Amino acid sequence: MKGFKEHDGLNLPNIAEQVLEKWKNEKTFEASIATREGGPSFVFYEGPPSANGMPGIHHVMGRTIKDLFCRYKTQRGFQVNRKAGWDTHGLPVELGVEKELGITKEDIGKKITIEEYNKACREAVMRYTDVWNDLTEKMGYWVDMSDPYVTYENNYIESVWWLLSQLYEKNMLYKGYTIQPYSPAAGTGLSSHELNLPGTYKDVKDTSATALFKVTSSELQVVSDATEKGNLFFMAWTTTPWTLPSNTALTVGANIDYVLIDTFNPYTAENQKVILAKALLTKYFKTDGLEAEMSYTPSDKMLPYRVLASFKGFELVGSRYEQLLPYAQPMRDADKAFQVIAGDFVTTEDGTGIVHTAPTFGADDMQVAKAAGVPPMLVENENGDPVPLVDLQGRFVMNVNDPVWGLAGEPVKAEYLSDAEREAAFEKQKVSLKEHIPNLSNYLSVDERIALKLKLEGKAFKVEKYQHNYPHCWRTDKPILYYPLDSWFIKASSARDKMIALNNTINWKPESTGTGRFGNWLENVNDWNLSRSRYWGTPLPIWRTGPYGPLMEECVGAIAEFTEKNAYYISEECLDEKGNRFDGQSLRKYLGEKRMMGENVNTIWNDLIRSRKIKTFASLPEEMIDLHRPMVDYVIFFRNGLVLARELDLIDVWFDSGAMPYAQWHYPFEAGHKMPDGSVHPAAQAANETKGMFDSASPLGRGSRGGLDWKEKVIPYDKELTERARQMRNNPTEGERNVWQHLKGKQIGGYDFDRQKPLNSFIADFYCQELSLIVEIDGKSHLSEAQQKKDAARDKKLGALGLNTLRFSGDLVHNKIDEVVGWIQTYVSCFEKDDWNAFEKDGINFLNKYAGKNWKPVSDAGKNPPPSPLPRGGSSTHPLTPSQEGELGIPFPADFIAEGVDQTRGWFYTLHAISSMIKGSVAFKNVVSNGLVLDKNGLKMSKRLGNGIDPFETLGKFGPDATRWYMITNAMPWDNLKFDLDGIIEVQRKYFRALHNSYSFFALYANVDKFTHAEAEIPLANRPEIDRWVISRLNSLVKEVEEAFDNYEPTRAGRAIQDFVVDELSNWYVRLCRRRFWKGDYSDDKIAAYQTLYRCLINVAKLSAPIAPFYSDSLFCDLNNITRKDSANSVHISGWPAINESEIDNDLEQRMALAQTASSLALSLRKKENIRVRQPLQKIMIPVISAEFEKHLKQVEDLILSEINVKELEYIKDDGVFVKSIKPNFKALGPKVGKNMKVLAGKVAQFGQAEIQQLETEGSIQLDLDGEPFELIKDDVEISTKDIPGWSVASEGAMTVALDITISDVLRSEGIARELVNRIQNMRKESGLEVTDKIILMVEKQAEVTRAVESNKNYICDETLASELSLEEAITNDKAINVEVEDGISTRIFLQKAE
RNA sequence: AGUCCCGUAGCUCAGCUGGUUAGAGCGCUACACUGAUAAUGUAGAGGUCCGCGGUUCAAGUCCGCGCGGGACUACCA
């Protein structure tokens, strides 16, 4: 009979490998989903990683968390679909590609076409998919990688477009002019991501100026009065004096206190009055100045001043002032410029409390100015367009021309100048500034010159260098500017209330992330800036007319709309005068200009159409459509003589990932999808109809259900391939022509075949999509081995996409075309019947018939059925089939998501925002945000420090189970984890070894006894105390673990399991029960022991399966394969243990705790007295505190006695022999005595035995607490026995144990006998005897030993399985061993196996 | 700068609604145990509970202000 598997040692990596193999073979993952069919579903969303970087150890952490809850829910009976995904767009991809190609952004469109660039990105982005897939598998992350969503695929983008079009229809998408970080040196706007790259913020010293703006009018009387007297100024501070010419407003805080000061200009010494915030007065004036005489010369140290008036900021609002540097006037609403407005961003932390406001160069400035109706400083350029005073190169426009100081055409930051330019400028300055600065020593920046000019003109109060942190462009290292740029925005702010309300329904782990970080973020949501000026990403689907006519706009929400709305495509032949191909933008400009010149645009257009230079979109072959640049930039609309060209922006990649609940299913375009308003998208309607047709009529429905995701992979857009196919189509070989005669025109079963069809990266001779069939005709060249290898690889690859390839030799096609056609028909009928066995059978005949001579099967069709186009096991069980549930027809919202806490304002936000706006629903109900994985010193892992941990090495060395267990149990998921490999070793040693040893112990003896759990369960009532105890604990454990997992607290679950296994199961239950397993007959007690341990082990396997999926499965199978108590072949398919409340016995658990304490105390006493545990002692005594205590203790008496090797336990009633100690019960006393506690505690501490006695017998005692009488009652104190005079005593808490340490001769003999047994057992083991072998034993006579053997003969024989035991005068056998029984006593022992 | 998390023994972490002597494991030292044995038990050494203030009879725990580490967001005169 097969027994429980006995392992040599514990090798976790090996076990993981074996289990992985088993999962693959048995398709356990698929089964774990299939077997939950019909059950409730648990929706999980996978946050897509980017496959263009290597995975790190932190991914193991994040994915463990995701995985374990999915597994847990599966065990609880939920069906958990989890579709993998890849994030493929975005800057990191672009940067990687640029680095590789050695180009920069400026080269795109010059050295490399956008098309080539994007192709490179597309290839680069999936570079590490293999590595990722490998990690996914090795770490045991169950996610379906066979059909992942990929954000660059057309279907994905189409869904994203649809979402955007929804927002557009809700008027939530708008184009706005906003201030964004911009690098003039690089000529590009920067995303906040780029601004947050390391090293972008640098401490720099800039010239700061406190400028004086001359007040011209005010509604506030005091100010108005002062104005009339002249020389009244607002003080405003800036660290960027170059923005002062663009000043159009001053901003004050409405509730900030301001003061009107009479003083002098520190530079010109002119008497003047200034206004600034009261709180900042001391920054500019020393208090002594208040008393100083009101006179001043520039060399004076002390600036005298007087406070004339004080008022609130709002009183200043509407005051007017003189333009500080009147180089230019705002184009529009100039009359509303130069006034005081209020803004809530104003603080009194630095500056003057009055903020210089240049709406063209500050985000806050722009917002506050817009709200107040103050115009930005925009001037007209040569084209008549409004532009700011600084151009895109960072240079002042010509308007800003100062006869003395220059400025026009100069860069506003000196860093933008090259050394040579700077030198040249310096030379010029020497001349032009001679009047003001005779010996100019170095180049003066724009900031410095403006400050200087203000100083000289008396318009500056203070000029100084100021050190601050300023962002720099990470690529050019030059400072960035905040610059107004056109952008598209989502009006997220209008959905704020909804988002906040919905967020309150989300269960965040930890809660603080949701209420705090995320909540606060929502309170202050800004509109979402979608625009990115890049190349590799989802294009913004908005088409617009240009400045040459009325504005028309089109937001495209589906590919089909191009056709419906009559889109056109600019072909390669459509060139401008210089011979460059037109794109939408340039054509729009070209035609617009013609139109302005009065030409008939329609005529030109008609010529373009007629000459096929512009085609209708509808005429494009489907495979050409790629929703990326540049393709989409060639798509245009033409209305009323105007071209609508696409806005060049791409969208923020975060929108891509936030769209995944929809886009991963190509929502709303597929069958079964419903739009939020309940209607059905026309595309989905069509799909429904097709689906219905197939569903009812034939099994084909399933085959064709690959959907468009699948199609994208199969039919790629590849110009070269398409072209080659076209050529081949035009020049068919004779064989191809032969076959085509029989396939064309739906001759076979009404199925449509294509010839020379580009598929994946190949061209198939004949292809039928409905049949998922490729027919190849192999000419002579295919006879070569090399070619056959290639063919095999090709078939395999296409097979993976669900396509079958039938190959026919050229000869066959020429000579037996009927056979070939017949064979294709066989395929068709097998396909229709979904009967691949028949196919295989016939296939073998067929192949036998034709194989060998001309053609060998290159696929292994002879061995296996060809790759079925149908999901294995039928589509209903395929993991990728979304359960068509919920209102939208897609799994929505998610029950659970998990990512790093860094995603709070990333993915978590975009998911939440999009679903709030589109559906008015949360996107996820529960979210775990996990912390970072740091190195063991708490430092961030980075390539630079070289402190990263290679996940593969870790998994390989320690196995995924230990790694996962360590990560989960070490720290709460949301705390940062200090990752230390030693910690994994510890987990391995402690938890897994304890569990493994417990199993090995079980297996060893169960096999000896042939236990297979065949006997009926022995009723709990008939099992001994310790069994009931461990089962009670097990039930409590299940409860605790269940609660922890339900609350998304895996750490608690793991720790509970670990404590149970190590402390309770292994170190208590198994230890105390050892003898039950190997002593005596196969009795009920023994069976009970096996059943109990079995139950513990199998349930621990189930409980720990979510965290340690491999080992748990191995343990489960090791146990279950023999007993077959569970029909499941994997722990992940079996269910979750039920809690049996009736088996939980708190009383019993308490009793056992007593036993443990008592044993521990007794062992401690032995140690103190230096008495070995093997030496039996006569008695221990335990004072009983209460009847209950005694009752409890009696029930576990046997356990204690055997554990500590003592003969009897005596219960001592209180008869005054104990020394007692007393301690106040603070919790009870606190409310009663309050601040007298200290006095009382002092008194109680001084109680002698008499007082304690009195309290115990009378129940109370009168005390005097600083004059207040107080009656102390028994419940106010805790009394415990601490000592028994004359005994060896130890105590812990309420329990005290006294040990009788006298060793009688009998005890001593017994002790020696035990020592002997121990030595003999060791010898047995050393000589390699089986645990069941009987022995013959000889012991040499020695006074004490002889006595011990004689009086304990039965015991010794029993323990050592000796069938004979003889005492010998002298043992001569040279295999006898000299043993020292105890100090000074030794003998010789000989044993041999009894026959 | 703002928001949030974290700070307890050499290391990794517990410490419930405040209760007086702050715990566990690892590591270290010593001893013991031994048919689970690279396990286990007992004992020992090891603490400014990040600091300072406050509330309270009582603070590791609650509050305030700092410091250090981290994350995100923002960059503002």
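Small disclaimer: the values here were computed from a predicted structure and weren't measured.
Put simply, CD1 on I984(A) is 19 Å from P on C11(B), counting in whole angstrom units. Between H7(A) atom NE2 and A36(B) atom P the separation is 18 Å, expressed in whole Å. The distance between atom CZ of F4(A) and atom P of A36(B), rounded to the nearest whole Å, is 18 Å. Atom CG in L1161(A) sits about 10 Å away from atom P in U42(B), given to the nearest Å. Taking atom CH2 of W654(A) as the reference point, atom P of C72(B) lies 10 Å away to the nearest angstrom. Atom CG in L1093(A) sits about 13 Å away from atom P in A36(B), given to the nearest Å. Here A39(B) presents its C1' atom at 19 Å from OH of Y999(A), a figure rounded to the nearest Å. Rounded to whole angstrom, the span from the CG atom of L1165(A) across to the C1' atom of A32(B) amounts to 15 Å.
The nearest heavy atom of RNA chain B to H356(A) and to N1318(A) marks one nucleotide each, and the one closer to the 5' end goes with N1318(A). In this structure, P1224(A) and G362(A) both approach RNA chain B, and ranking their closest nucleotides by distance from the 5' end singles out P1224(A).
C76(B) and A14(B): their P atoms are spaced 40 Å apart (whole Å). For the C1' atom pair drawn from G69(B) and A24(B), the interatomic distance equals 25 Å after rounding to whole Å. Between C62(B) and C49(B), the two P atoms lie 16 Å apart (nearest whole Å). Separation of the C1' atoms belonging to G15(B) and G23(B) is 7 Å when rounded to the nearest angstrom. Nucleotides G18(B) and C28(B) have their P atoms positioned 39 Å apart, rounded to a whole Å. Separation of the P atoms belonging to A1(B) and A22(B) is 39 Å when rounded to the nearest angstrom. For the C1' atom pair drawn from A59(B) and U12(B), the interatomic distance equals 26 Å after rounding to whole Å. Taking the C1' atoms as reference points, C52(B) lies 27 Å from G46(B), given to the whole Å.
The side chain of R989(A) places an N or O atom within less than 4.0 Å of a non-bridging phosphate oxygen (OP1 or OP2) of G27(B). Taking 4.0 angstrom as the limit, K990(A) places none of its side-chain polar atoms (N or O) nearer than this to OP1 or OP2 of G25(B). Listed pair N997(A) / A39(B) fails the phosphate criterion, with no side-chain N or O lying under 4.0 Å from OP1 or OP2. In terms of phosphate contacts, S1160(A) brings a side-chain nitrogen or oxygen within less than 4.0 Å of OP1 or OP2 of U42(B). Listed pair R1074(A) / A36(B) meets the phosphate criterion, a side-chain N or O lying under 4.0 Å from OP1 or OP2.
A donor-acceptor pair shorter than 3.5 Å cannot be found between the side chains of D1063(A) and W1068(A). Side-chain contact of Y321(A) with N247(A): a donor-acceptor pair under 3.5 Å is present, judged by distance alone. Checking T1157(A) against S1160(A) by side-chain atom types alone, no donor-acceptor pair falls below 3.5 Å. Under 3.5 Å, the side chains of E6(A) and N1007(A) contain a donor-acceptor pair of N or O atoms. Side-chain atoms of R1052(A) and N1047(A) include no donor-acceptor pair closer than 3.5 Å.
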Distances under 3.5 Å between protein N/O atoms and the N/O atoms of nucleotides 4-9 of chain B, please, pair by pair.
residue	atom	partner	partner atom	Å
C4(B)	O2	R517(A)	NH2	3.0

Pull out every protein N or O sitting under 3.5 Å from an N or O of nucleotides 55-58 of chain B, one pair per line with the distance.
residue	atom	partner	partner atom	Å
C57(B)	O4'	G1234(A)	O	3.1
C57(B)	O4'	K1235(A)	N	3.0
C57(B)	N1	G1234(A)	O	3.2

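R1055(A) comes within 4.0 angstrom of sugar-phosphate atoms only, judged by non-hydrogen atoms across all strands, and of no base. Within the 4.0 angstrom heavy-atom criterion, only backbone atoms of the sugar-phosphate kind lie near Y1005(A); the bases stay farther away. When heavy atoms are screened at a 4.0 angstrom cut-off, S1164(A) is found touching the sugar-phosphate backbone but no base atom.
In this pair, W242(A) and F361(A) present their aromatic rings perpendicular. The plane angle is above 60°, beyond the 30 to 60° band.
Taking a 6.0 Å sphere around NZ of K1334(A), one finds it holds 12 or fewer heavy atoms contributed by other residues, nucleotides or ligands.
Judged by distance alone with a 3.5 Å cut-off, a donor-acceptor contact links the side chain of S1066(A) to the base of A36(B).
Looking at Y991(A), its side chain never comes within 3.5 Å of a backbone N or O of I1057(A) through a donor-acceptor pair.
Taking a cutoff of 4.0 Å between a charged side-chain nitrogen and a carboxylate oxygen, E523(A) and R496(A) do not qualify as a salt bridge.
In this structure E1315(A) satisfies the salt bridge (Lys or Arg N to Asp or Glu O under 4.0 Å) test together with R1172(A), R1174(A), R1319(A), sequence neighbours excluded.
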